[in-house]
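Small disclaimer: the values here were computed from a predicted structure and weren't measured.
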Amino acid sequence: MALTSHTFSTDNHGWAELLPQRKPSKSLHGTHRVPWVVIGAGVTGLSAARRLAEHNPDDHILLLDARRLGQGASGRNSGYAVAISQFSGEFDPEQEKNYRRVERINAQGLNLLRQQVNDHKINCHWHEQGYYHTAADTKSLQEYENFKDHLNRLGYDHTLLGKDELTERLGTSLYQAGIHIPQGVLLQPAALVYGLGDTLPANVTLHENTPVLKINHGEPCVLELTDGQITADNVIVATNYEAPKLGFIKRYIMGSTLSGSFTRQLTKDELESLGSLKEWGVLSLHSGGATVRLTNDKRISLRNTAEYHGAVLMSDAFLAKRREIHRAAFDKRFPQLAQVPFEFSWSGVEGISQNFTNFFGRQTSNIFLAGGYNGSGVSRGTAFGAALADYACNMSSDLVSDCLASAPAKWIPPRPFLDIGAFFKVKSRFIGVGLDR
């Protein structure tokens, strides 16, 4: 089936809904000839375009997105820039080099973001106080023990917390144990993407609402648009789970659709019922557990559904049903806020691989791709974007080597087996979730 602009699902929901309305850049039409095109203006594409501009100050670089800025996955995640990843299961000594490789990538991505936010004074509610991994039920409490051992063996800074300490900090008595990771950032993801897009180097031109419908391979490549064509010497594909639409990593990545809700802004008295911290973020130690935040603008956000939904966003009717699941989880955690309504709900799609690896490298002689972050794309995607630009410019570095060392992805069978397998793959995340949902 031929692609059209309607193939790229979008809506007005997400974190952008909490921000002042932004005028998008102009879509691209007509015929163009450039040295570089970056497809996808999420954190990976923005990072790649910025680094390309540094390496090639005299080249014109086009950065294209099928949607408006902030309406892709980079503006719909929960706003965690992680430095330390949680690897589920017991510590595997044979995987120690891989654990440390992933954390180096995370750290470099976080450092790059920090520098860009500071240099360009991007107001994205950057909150550098870390985040909490928590456990409420049997399976997550076992993961608590596993993660604690993991952190101790690798020598990463952390603080163990019991139920009373978590209640005092977060204002909920649901969690039985938790771990505070001080290296990490909470932020407003759509505001981050807006800021990065509005401060691109002068030789980068961003065009929103400009889907690339087809890439004709060759030297140079020819990119087909809805109403135009681009001839480019080199192409960087940073479209994550949508890369198969352009013919890349087919059968190796799938999209899982998640959903969450925001409360209205809390009153002073309501905030005082939430413990001692003015802003915090909770990641469940169960893979299907809720991600919960008290945001900078005095809301609680809660995300706790993930499902195979054809790699598209949910309709308002679907969201209304998922909101009931969000509500049950919210009331379980914050009975003192039972009167506080949800104001917004949203969905977003994350790209996951069968064995939770990432994608990085050359697809053809002049097409390069990065993606597949399995829910950790803010810091890792930033690092992969910069490293891919280095790699495309024939520059070596430790970061490039770390990204190239990603394990090969496992093959995913075609439809209808894809639909069945993806459904059960995502559903398996919730086995034993219990109170953590």
Participant: Please determine if Glu350 and Arg429 form a salt bridge, counting it only when a charged side-chain N lies under 4.0 Å from a carboxylate O.
Facilitator: yes
Participant: Can Asp297 and Gln265 be counted as having a side-chain donor-acceptor contact under 3.5 angstrom?
Facilitator: no
Participant: Hey, could you give me the CE/OG distance between Met314 and Ser9, rounded to the nearest 0.5 Å?
Facilitator: 11.0 Å
Participant: Check the orientation of His133 and Tyr131. Use parallel for under 30°, tilted for 30 to 60°, and perpendicular for over 60°.
Facilitator: perpendicular
Participant: Using modelled atom types and a 3.5 Å cut-off, is there a donor and acceptor pairing between side-chain atoms of Lys245 and backbone atoms of Thr239?
Facilitator: no
Participant: If the plane angle is over 60° it's perpendicular, under 30° parallel, otherwise tilted; pick one for Phe360 and Tyr391.
Facilitator: tilted
Participant: For Thr210 versus Leu28, what's the shortest heavy-atom pair and its separation?
Facilitator: OG1-N, 3.0 Å
Participant: Would you please indicate if the ring centroids of His158 and Phe147 are separated by under 6.0 Å?
Facilitator: no
Participant: Looking at every heavy atom in both Tyr252 and Lys410, which two are closest together, and how far apart are they?
Facilitator: CD2-O, 3.5 Å
Participant: Can you confirm if the NZ or CZ of Arg327 lies within 45° of the ring axis of Phe342 and under 6.0 Å from the centre of its six-membered ring?
Facilitator: yes
Participant: Does either side chain, that of Ser347 or that of Thr257, offer a donor lying less than 3.5 Å from an acceptor on the other one?
Facilitator: no
Participant: Where the side chain of Ser74 meets the backbone of Gly70, is there a donor-acceptor pair that is under 3.5 Å apart?
Facilitator: no
Participant: Just by distance, do the side chain of Arg50 and the backbone of Thr199 share a donor-acceptor pair under 3.5 Å?
Facilitator: yes
Participant: Could you check whether Arg323 and Ser345, counting side-chain N and O atoms only, form a donor-acceptor pair closer than 3.5 Å?
Facilitator: yes
Participant: Examine distances only and state if a side-chain atom of Asn366 and a backbone atom of Asp233 form a donor-acceptor pair shorter than 3.5 Å.
Facilitator: yes
Participant: Give a yes or no answer on whether the side chain of Tyr80 reaches the backbone of Val282 with a donor-acceptor pair at less than 3.5 Å.
Facilitator: yes
Participant: Looking only at heavy atoms, which two atoms of Phe8 and Ala66 are closest? And how far apart?
Facilitator: CG-CB, 3.6 Å
Participant: Any chance the side chains of Ser376 and Asn374 put a donor and an acceptor closer than 3.5 Å?
Facilitator: no
Participant: Using a strict cut-off of less than 4.0 Å between a Lys/Arg side-chain nitrogen and an Asp/Glu carboxylate oxygen, indicate whether Asp436 and Lys332 qualify as a salt bridge.
Facilitator: no
Participant: Measure from the side-chain N and O atoms of Ser379 to the backbone N and O of Ala83, and report whether any donor-acceptor pair falls under 3.5 Å.
Facilitator: no
Participant: Starting at CG of Leu302, measure out to OG1 of Thr291 and round the result to the nearest 0.5 Å.
Facilitator: 8.0 Å
Participant: If we ignore hydrogens and angles and just use 3.5 Å, is the side chain of Gln229 paired with the main-chain N or O of Val222 as donor and acceptor?
Facilitator: no
Participant: Just by modelled atom types, is the Asp59 backbone N or O under 3.5 Å from a matching donor or acceptor in the Asn203 side chain?
Facilitator: yes
Participant: Between Thr44 and Ala238 (side chain of the first, backbone of the second, donor and acceptor by atom type, cut-off under 3.5 Å), is there such a pair?
Facilitator: no
Participant: Taking the six-membered ring for Trp, are Phe359 and Phe248 ring centroids under 6.0 Å apart?
Facilitator: no
Participant: Please find the pair of heavy atoms, one from Ser85 and one from Val82, that lie closest to each other, and give the distance.
Facilitator: OG-CG2, 4.4 Å
Participant: If I take atom CZ from residue Phe368 and atom CG from residue Asp390, how far apart are they, to the nearest 0.5 angstrom?
Facilitator: 11.5 Å
Participant: Atom CG of Asn296 and atom NZ of Lys278: how far apart are they, to the nearest 0.5 Å?
Facilitator: 13.0 Å
Participant: Checking His326 against Ser261: is there a side-chain donor and acceptor pair closer than 3.5 Å?
Facilitator: yes
Participant: Donor-acceptor pairs under 3.5 Å, side chain of residues 15-26 to any protein atom, not counting sequence neighbours: which ones?
Facilitator:
{"from": "Trp15", "atom 1": "NE1", "to": "Asn77", "atom 2": "O", "distance (Å)": "2.8"}
{"from": "Glu17", "atom 1": "OE1", "to": "His13", "atom 2": "ND1", "distance (Å)": "3.3"}
{"from": "Arg22", "atom 1": "NH1", "to": "Glu208", "atom 2": "OE1", "distance (Å)": "3.1"}
{"from": "Arg22", "atom 1": "NH1", "to": "Glu208", "atom 2": "OE2", "distance (Å)": "3.0"}
{"from": "Arg22", "atom 1": "NH2", "to": "Asp198", "atom 2": "OD1", "distance (Å)": "3.4"}
{"from": "Arg22", "atom 1": "NH2", "to": "Glu208", "atom 2": "OE2", "distance (Å)": "3.0"}
{"from": "Ser25", "atom 1": "OG", "to": "Leu206", "atom 2": "O", "distance (Å)": "3.1"}
{"from": "Ser25", "atom 1": "OG", "to": "Glu208", "atom 2": "N", "distance (Å)": "3.1"}
{"from": "Ser25", "atom 1": "OG", "to": "Glu208", "atom 2": "OE2", "distance (Å)": "3.0"}

Participant: Provide the closest heavy-atom pair for Arg299 versus Arg264 in the form atom of the first, atom of the second, distance.
Facilitator: NH1-CA, 3.6 Å
Participant: Would you tell me whether Glu103 and Asn106 have side-chain atoms, one donor and one acceptor, within less than 3.5 Å of each other?
Facilitator: yes
Participant: Return the minimal non-hydrogen interatomic distance between Leu337 and Leu274, and the atom names on each side.
Facilitator: CD1-CD2, 3.9 Å
Participant: Is the backbone of Gly372 close enough, under 3.5 Å, to the side chain of Asn358 for a donor and an acceptor to pair up by distance?
Facilitator: yes
